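The structure appears below as structure tokens.
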Amino acid sequence: MATACTDTKESDHVIEYCCSSCEEDAISREAAYYCKLCSKFFCCQCVEFHGKLFKKHETFGREGLDQWPVSKVTQDVLEKCREHKDEHLKLYCEDHRLMCCNSCVVFNHRQCASVISIDQSYAEEITDDLQQLQEKTVTILEQLKQLQNNQESNIITLLESYNENLQEIKNARSTLNSILNILEKDTVQKLEEVLNSLNTLLKEDVENAKRLSTDLRNLGKAIQEMTTKGKELSFIAYRNCKVNIRECEKYIHEHFNIKEVKMYFKTNTSIETYLSQRQSLGMILHSNQIEDNKEISLLGETIYSARQKDDKKTEIRGVCVHSGLLFMTDYNNKNVKILNSDYFVLHQFNLDFQPYGICHYTPNNYRYYQYGFDNLSHVAISGYGRIQCVRIKGGTSADFYRSIEQNLQFSHDCCGITIHNNDMYITSGSALYHYTRQGTPVKKLYEASWVQYCAVNRSGDKIFVTNSMSELLTLSRDGTILSIFTDGQLQSPIPVHVTEKGQVLVCGKNNIIQVDSDGKKKITALAIPNVNNPLSMCSFGKCVIVGSSNILVLMIE
């Protein structure tokens, strides 16, 4: 068997074909020749010794690689399971058209009807167009390279925007500093004005006290002198002294009880309170969030009927779009209808239960078998106590084929359903449950009356759900209520939906309300006449599709 080894000089470099002789001496060296008779590989040095010992043995160089066996690297790529790295692919599931290891069968294919060994499925290899797969592989590799280049370019742009926004934050801080400097300067100026005003008054008091003291002291000396100088001057001194005493007493009475003069600064606490309550200097948004909150506007609407011959009145409780097809559940007629882009019913398949919600999902291991199935869709349909996962193939009314992948049973009713990656969210009419994609329970997230439909944002960290109290709740993945949105226009909401662009829409009785990506405030409201009590909603491109007894298609911008 061909072997692979790691270059001793470059530990991260894998050599597809190692020289067998060198490898025995614990040396990793790239092989340049292969001998079929010896079933061994040789480097340029070892092949000379081999040629001297076995002159009749034919060796094949790199130009004859078609004579070499499959390398260990290639063999590992082909035979090792991508999910369970330590196991080899030994089985083939005909239901899912997937190669499986033993663990794959245990975890993902226990309910499949036909799981056979690989040697029993060789016949299928004859029908496979390997050339076409190689061409498609080249195309996809080019697309992946382009994606890689785009993302590397985005990393550079992201870092540039980080530096730009960091400067904006510093500018915002500088602006605040300037405003605070102005406020400080004005406050200090007012402080100085009060100081000057009070200081002037106090100085006037000091000067008045000095003047009165001097006058009274001089008059006192004059009285002592006048006692021997005659009655006329004594009388004048006496009367002036009495007047001066009264003036001093009055001044003392008016100013003696004045308390200590000080200034006090009372901080404007509203500024401090406002700043302390801020979590940041502003909002940090990325391009997706800006798109999430972009306001939609209504350009026009059209009503279509999906009712078929012999149908009862249609009741469209679930809608979703995939691969250009509209899938809708008809509760009264117990079927799923498939419509094209002109909203013409191409096909319908009956169910043995009355369906509620429907959503598209990507199955596990989808990357293994998506080639050649461009018209393949997977939808999960909710009903009474069950979720049915269905694979649908076809694109015209003549070639639709349906097969059931899973029937998941639950102890509660199943109304709305949303699948995001490996998370499945189900409403029961009275609660919102979180399950894994395989139906394993995780947690009951929310409980209230009339909990019928839910939606998940693009990143999967917020779940939106409506209830009978005309509320739209935003929950985290662990069930924490992040926000509760109410509005006079939001009456008896049922459908809630997140568009491809991340916009959050919720239906009232006769309108659609767009709320922000945090579910906290209304962005806009669109009236939807001719539809009362919408039952379901989805979007595709520039269309919002509302289901009730008919299909209302809203063109938006």
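Source: prediction; values computed, not measured. Below, each value reflects all heavy atoms present in this structure, side chains not excepted, and no hydrogens, waters or symmetry copies.
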Indicate whether any N or O donor in one side chain lies under 3.5 Å from an N or O acceptor in the other, for [X] and [Y].
X: N467; Y: Y446; value: yes
X: Q148; Y: E152; value: yes
X: Q151; Y: N154; value: yes
X: R391; Y: Q406; value: no
X: T314; Y: S549; value: no
X: R317; Y: T329; value: no
X: Q167; Y: Y162; value: no
X: T427; Y: Q452; value: no

Extract all donor-acceptor atom pairs below 3.5 Å that involve side chains of residues 535-545 and protein atoms in other chains or at least two apart in sequence.
residue : atom : partner : partner atom : Å
S536    : OG   : I316    : O            : 3.0
S539    : OG   : H497    : NE2          : 2.7

For atom [atom1] of [X], is the number of surrounding heavy atoms from other residues, nucleotides or ligands below 6.0 Å larger than 12?
X: K90; atom1: NZ; result: no
X: F353; atom1: CZ; result: yes
X: E557; atom1: CD; result: no
X: N163; atom1: CG; result: yes
X: Y401; atom1: OH; result: no
X: E272; atom1: CD; result: no

Taking [X] first and then [Y], would you say they form a salt bridge - that is, a charged N and a carboxylate O separated by under 4.0 Å?
X: D518; Y: K462; value: yes
X: D423; Y: R477; value: yes
X: E168; Y: K170; value: no
X: D311; Y: K337; value: yes

Does any N or O in the side chain of R173 come within less than 3.5 Å of the main-chain N or O of N177, such that one atom is a donor and the other an acceptor?
->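 No; zero donor-acceptor contacts below 3.5 Å.
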Aromatic ring proximity, centroids under 6.0 angstrom, Y331 and Y356 =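 Yes, they do, as the ring centres are separated by less than 6.0 Å.
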Row check, F410 ring normal vs R386 NZ/CZ: under 6.0 Å, within 45° =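 No, R386 and F410 do not form such a contact.
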Go through the steps to decide whether I551 and V553 satisfy the test side-chain contact (heavy atoms from CB on, under 4.5 Å), and finish with yes or no.
-> CA-CA 6 Å; I551 302 167; V553 180; 4.0 Å; yes
Run the numbers on F327 and H322 for ring pair (Phe, Tyr, Trp, His ring centres under 6.0 Å), then give the verdict.
-> CA-CA 8 Å; F327 298 85; H322 183 249; 7.4 Å; no
Measure up the F400 and H347 rings against each other and bin them: parallel (under 30°), tilted (30 to 60°), perpendicular (over 60°).
->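 The arrangement is parallel - the two ring planes meet at less than 30°.
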